[in-house]
Structures are given as C-alpha cells and as structure tokens.
Amino acid sequence: MFPNILDRLLHKLAFFAPGGYSLRPWLHRRRGCRVGKRVWISQLVYIDELHPEVISIADNSSIGLRTSIFTHFYWGPRRPKEAAGPVVIERDVFIGPHCVILPNVRIGEGSVIKAGTVVSRNVPPRTIWGAPQAGPMGLATIPLTAEHEYEEFVKGIRPLRRKKD
C-alpha cells in the first residue's frame, strides 16, 4: 500500500512541479515510466497513475500542456501489468497541448500530434496527425442561452454546405 501512495504523491508533484526538462521527467522516471534524454513534459500532464511502467517516451520528445496518457480502461483495484496497454512515444515526437493518448498506441519517430487530438491508434513515423481543421458547420439562428430551450436551438440550426476544393 505504501508504494502506491508514494507513486501517487510523485505523480501529483510531477503534475505541478517546475522543470519540464529536469524535475518532471525525473519524477516520472521514479514512478516507473521510461523517459529518455532531453524530454520536455509540460505542467498539468497526466501520465497513467496505475501503470506508468508500460509508458515509454524516447529522447528529444515534447509533451504539451494538459495532455493525458492512459494505459488502462478498467474500474476497481489495480490489475496486473498485463491488463495495461503500452504507450510508446518514439524519438523526436511533438505532442501538442490538450491531447489524449489512449492505451496500445505507438507514436512514430518524428511525428507531430496536433493540439486537442485524441490518439486511439498507431501513428506512422514523420506524420502530422490530427483531425481536419475546424470550420463552419451551420448557422445558429436561435442562440444557445438560458433564455432558449435546447430544442429551440436545434430547430433553429441551418446547415451550411461545404464548398468543394
């Protein structure tokens, strides 16, 4: 029980601590993550609390603010390491802010993950990965505010036709 409490304390310290190139990577190494050299881990990065030992972050990679890396999706007490899905971040990877990395994912060498992306499958090397750029979807003729019911808002939506390139 005590090692579990210590791991969680180290995780909380790494979440807020200064030192993106120094203290935060060091704390995650102490938790069991394999973290290479010259790795930047921003503040407010969540790295799985139950199975950090199946996470690998290779040299010269960067993990952006408020990114979350998960290795499991089960409820209840900690299960054996085999219940976790490894996450491998190869060399020279840049992960933008607010990303979510799910279990059983490998992000290939030199790849760039666009801010706000959910990564649920492997990313090939040297690939810029993310959803298409946001754009207009429709016209809101009734505002979505406290003065209007949601159903009114939905009825007032006028879809826009996308222009083909």
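- A distance of 13.0 Å separates NE2 of H72 from CG of N104, quoted to the nearest 0.5 Å.
- Closest approach of L65 to Q43, counting heavy atoms only: CD1-O, 3.2 Å.
- Taking OG of S61 as the start and NZ of K37 as the end, the distance is 14.0 Å to the nearest 0.5 Å.
- Across every non-hydrogen atom of S111 and R126, the tightest pair is OG-N, 3.3 Å.
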Decide yes or no on side-chain contact (heavy atoms from CB on, under 4.5 Å) for I69 and I89, but give the supporting numbers first.
CA-CA 10 Å; I69 302 172; I89 299 168; 4.0 Å; yes
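- Between Y46 and R66, the closest side-chain pair of non-hydrogen atoms is not below 4.5 Å.
- Side-chain heavy atoms closer than 4.5 Å link hydrophobic residues (I, L, V, M, F, W, Y) into clusters, and following such links, even through other members, never connects L27 to I47.
- A distance of 11.5 Å separates CD in E151 from CD1 in I142, rounded to the nearest 0.5 Å.
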Between side-chain atoms of residues 90-99 and protein atoms elsewhere (two or more places apart, or another chain), which donor-acceptor pairs fall under 3.5 Å?
residue : atom : partner : partner atom : Å
E90     : OE1  : E109    : N            : 2.8
E90     : OE2  : R106    : NH1          : 2.7
R91     : NH1  : D59     : OD2          : 3.3
D92     : OD1  : N60     : ND2          : 2.8

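- For the residue pair H28 / R31, a side-chain donor-acceptor distance below 3.5 Å is found, with atom types taken as modelled.
- For E149, the CD atom counts as loosely surrounded, since its 6.0 Å shell holds 12 or fewer non-hydrogen atoms of other residues, nucleotides or ligands.
- Interatomic distance, M137 CE to I157 CD1, rounded to the nearest 0.5 Å: 8.0 Å.
- Looking at every heavy atom in both residues, L160 comes nearest to P136 through CD1-CB, 3.8 Å.
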Working for side-chain contact (heavy atoms from CB on, under 4.5 Å), residues E49 and K12:
CA-CA 10 Å; E49 285 187 74; K12 298 301 179 202; 3.9 Å; yes
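- L23 and F15 fall into different hydrophobic clusters, where Ile, Leu, Val, Met, Phe, Trp and Tyr side chains are chained together by heavy-atom contacts under 4.5 Å.
- Among residues two or more places apart in sequence or in another chain, the ring-ring contact (aromatic ring centres under 6.0 Å, His included) test is passed with W40 by Y21.
- Within the 4.5 Å cutoff, side-chain heavy atoms of I113 are placed close to those of V123.
- The minimum heavy-atom distance linking F70 with V87 is given by the pair O-CG2, 3.5 Å.
- The two atoms that bring F73 and P103 nearest to each other are CE1-CD, 3.3 Å, heavy atoms only.
- W129 places none of its side-chain heavy atoms less than 4.5 Å from the side chain of I107.
- When D48, I101, V88, V35 are each tested for a side-chain contact (heavy atoms from CB on, under 4.5 Å) with I55, only one passes: D48.
- Residues P143 and H148 meet the side-chain proximity criterion, which asks for heavy atoms closer than 4.5 Å.
- Within the 3.5 Å criterion, the main-chain N or O of P86 finds no donor-acceptor partner in the side chain of T71.
- To the nearest 0.5 Å, atoms CZ (R29) and CD1 (I57) are separated by 9.0 Å.
- Here the shortest heavy-atom pairing between V105 and L102 reads CG2-O, 3.2 Å.
- How far OG1 of T117 is from CD1 of I128: 11.5 Å, rounded to the nearest 0.5 Å.
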